[in-house]
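For the numbers below, each heavy atom of this structure counts, side chains included, while hydrogens, waters and symmetry mates do not.
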Amino acid sequence: MKYLIPTLLLVSSVLCQAQPLYQGTSLGMRYEVHEVARGLGIPWGIASTGQDELLLTERSGALHKLNRFSGQLSKVTGLPEVFAQGQGGLLDIAPSPTFSKDQTLYFTYSKNVRGQGATTLARAIYSGGNTLSSWQDLLVTDSRTDGSQHFGSRIAFDALGHVYFGIGDRGERDSAQDLGSHNGTVIRLRLDGSVPPDNPFVQRPGARPEIWSYGHRNPQGMAYDLVSERLWLIEHGPRGGDEINLVKPGLNYGWPVISYGKEYWGPFAVGESTHKPGMEQPVKYYDPSIAPGSLLLYTGPAFPQWQGSLIAGALKLTHLNRVSLSADGQATGEERLLEGLGERIRALHQSSEGWIY
């Protein structure tokens, strides 16, 4: 058995002088993989706060500051206690769209609410150094269950002052079809945590006004295309049936009524079928599952032929999954990178150089 040490890896164009861990080519472009840091626990999210600095969340509740050139790690304090059980804990981290002015970071984490974990969106101030201040829970969602799986959760921003994040079905499948629950949804809020008046279910009695879309199983990656104004989501399916979805307001993405996956306990399809009127089809599904852990829309200069592609980390099938898109948002091709490394890839970040961490 191969035992893997949690590390942070860099996929770069061929610019580094150090000996690479791995080399490859894609669409005629050469790339290298270098180790940046090791000795982490279960890394979950990555964010950039400056030219040299990255912040890394660990699911256990730790936050680390990393100099991406020297590899030096130091711990950042000022976080609350998290519900670090099962798949829950400290999850995503994302700088505000106006971080250079307000030094605000957004987080998702599972919060202990009467002994159960609830996916929560929060924000805090980070002015450098090793401490957060002014921690504020913006939305403690109604998502707690007895289960310890499917918390979600990634964060994305549009250009109009909204923040999005996803929540899984928390192991209670049918709740993803219940608009009275936050389970199995994508949430849209203003940056201060208030509900936008144009959210699709604001006027519907009994519905949670924060909901943007529903019928999701377990969102694990989210990316907003600021040019095309599109919200992309990648989510875990059951055995087979991981999905990339183009998320639009008020739409139902079908879980658990429709799915391309099978039950874990036997060769039986999940749900009624793969299609049903009033329920959306994925842009792409994976069978067998790759177990996606992240998603970014590549826009960097280092790999010009990847521009406009969706890139996801794969946990189960241990690779970097690149999906090319047409102008109208259809999946037109797939490439599997770094398969020879055999590493579970949980989180992705694109640097200003266009390198991928």
Side-chain angles (χ1 to χ4, degrees), residues 6-9 36-37 40-68 73-84 87-100 102-111 117-141 151-158 162-167 186-187 189 191 193 219-224 233-234 293-297 312-313 345-352 356-357:
T7 61
L8 181 67
L9 303 176
V36 180
L40 301 165
I42 301 177
W44 221 95
I46 310 175
S48 174
T49 58
Q51 185 65 24
D52 299 341
E53 184 180 275
L54 296 176
L55 294 177
L56 312 175
T57 63
E58 289 188 357
R59 205 172 65 192
S60 64
L63 178 64
H64 296 282
K65 178 174 69 175
L66 169 74
N67 184 302
R68 64 189 182 104
L73 281 166
S74 56
K75 191 170 183 179
V76 178
T77 61
L79 289 85
E81 183 178 351
V82 306
F83 184 84
Q87 296 172 2
L90 182 59
L91 303 172
D92 207 14
I93 178 173
S96 160
T98 54
F99 179 81
S100 61
D102 57 30
Q103 288 81 53
T104 299
L105 295 170
Y106 286 77
F107 296 86
T108 48
Y109 75 106
S110 53
K111 182 183 179 72
T119 299
T120 298
L121 178 75
R123 66 180 178 181
I125 303 299
Y126 177 69
S127 302
N130 293 317
T131 305
L132 298 175
S133 62
S134 304
W135 184 278
Q136 178 187 13
D137 288 342
L138 296 177
L139 179 64
V140 181
T141 67
F151 290 87
S153 172
R154 296 290 180 185
I155 300 169
F157 302 95
D158 64 19
H162 302 117
V163 56
Y164 302 80
F165 69 103
I167 306 170
V186 170
I187 298 296
L189 299 172
L191 296 182
Q220 290 286 290
M222 186 179 290
Y224 194 89
L233 188 74
I234 194 165
S294 47
L295 190 69
L296 67 79
L297 179 73
I345 300 175
R346 168 67 69 182
L348 298 175
H349 170 72
Q350 178 188 299
S351 73
S352 59
I356 297 176
Y357 287 84

What's the separation between atom [atom1] in [X] and atom [atom2] in [Y], rounded to the nearest 0.5 Å?
{"X": "Leu90", "Y": "Ile42", "atom1": "CG", "atom2": "CD1", "value": "12.0 Å"}
{"X": "Leu132", "Y": "Phe107", "atom1": "CG", "atom2": "CZ", "value": "5.0 Å"}
{"X": "Leu121", "Y": "Leu91", "atom1": "CG", "atom2": "CG", "value": "11.5 Å"}
{"X": "Ile46", "Y": "Leu66", "atom1": "CD1", "atom2": "CG", "value": "9.0 Å"}
{"X": "Gln87", "Y": "Ser153", "atom1": "CD", "atom2": "OG", "value": "12.5 Å"}
{"X": "Arg346", "Y": "Leu40", "atom1": "CZ", "atom2": "CG", "value": "13.5 Å"}

Partner residues of [X] under the ring pair (Phe, Tyr, Trp, His ring centres under 6.0 Å) criterion, sequence neighbours left out:
{"X": "Phe99", "result": "none"}
{"X": "Phe83", "result": "none"}
{"X": "Phe165", "result": "none"}
{"X": "Tyr126", "result": "none"}

For [X], enumerate each residue passing the side chain to side chain donor-acceptor pair (under 3.5 Å) test, keeping only those at least two apart in sequence or located in another chain.
{"X": "Ser133", "result": "none"}
{"X": "Ser294", "result": "none"}
{"X": "Arg123", "result": "Gln136"}
{"X": "Tyr224", "result": "none"}

Could you walk me through whether Thr104 and Leu191 pass side-chain contact (heavy atoms from CB on, under 4.5 Å), step by step?
-> CA-CA 10 Å; Thr104 299; Leu191 296 182; over 6 Å; no
Taking only residues two or more places apart in sequence, or in another chain, which ones meet Asp158 in a salt bridge (charged side-chain N to carboxylate O under 4.0 Å, His left out)?
->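 Asp158 satisfies salt bridge (charged side-chain N to carboxylate O under 4.0 Å, His left out) with no other residue.
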Looking at residues at least two apart in the chain, or sitting in another chain, which of them share a salt bridge (charged side-chain N to carboxylate O under 4.0 Å, His left out) with Arg154?
->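 Listed in chain order: Asp92.
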Which heavy-atom pair separates [X] from [Y] by the least distance, and what is that distance?
{"X": "Val76", "Y": "His64", "answer": "CG2-C, 4.3 Å"}
{"X": "Pro95", "Y": "Ala47", "answer": "CD-CB, 3.7 Å"}
{"X": "Gly45", "Y": "Thr57", "answer": "N-OG1, 2.8 Å"}
{"X": "Asp102", "Y": "Ser96", "answer": "OD2-OG, 3.2 Å"}
{"X": "Met222", "Y": "Gly166", "answer": "CE-N, 3.6 Å"}
{"X": "Trp44", "Y": "Ala347", "answer": "O-CB, 3.3 Å"}

Any donor-acceptor N/O pair, Thr120 side chain to Ser110 backbone, under 3.5 Å |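 Judged by distance alone, no pair lies under 3.5 Å.
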For Ser127, check side-chain contact (heavy atoms from CB on, under 4.5 Å) against everything at least two apart and list the hits.
->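 Per chain and number, Ser127 pairs via side-chain contact (heavy atoms from CB on, under 4.5 Å) with Gln103, Ile125.
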Which residues pass the side-chain contact (heavy atoms from CB on, under 4.5 Å) test with Leu295, sequence neighbours left out?
->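 Checked Leu295 against side-chain contact (heavy atoms from CB on, under 4.5 Å); matches are Ala223, Trp232, Ile234, Leu310, Ala312.
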Compute the centroid of each ring, for Tyr109 and then for Trp135, and state whether the two points are separated by less than 6.0 Å.
->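 Aromatic pair counts; centres sit under 6.0 Å.
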With respect to Lys65, which candidate in Leu73, Leu56, Leu55 satisfies the side chain to side chain contact (heavy atoms under 4.5 Å, CB included) definition?
->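 The option that passes is Leu55.
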Note, Thr108 side chain near Phe151 side chain (heavy atom, < 4.5 Å) =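 Contact flag for Thr108/Phe151 side chains = no.
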Are Val163 and Leu138 side-chain neighbours, meaning at least one heavy-atom pair lies under 4.5 Å?
->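 Contact flag for Val163/Leu138 side chains = no.
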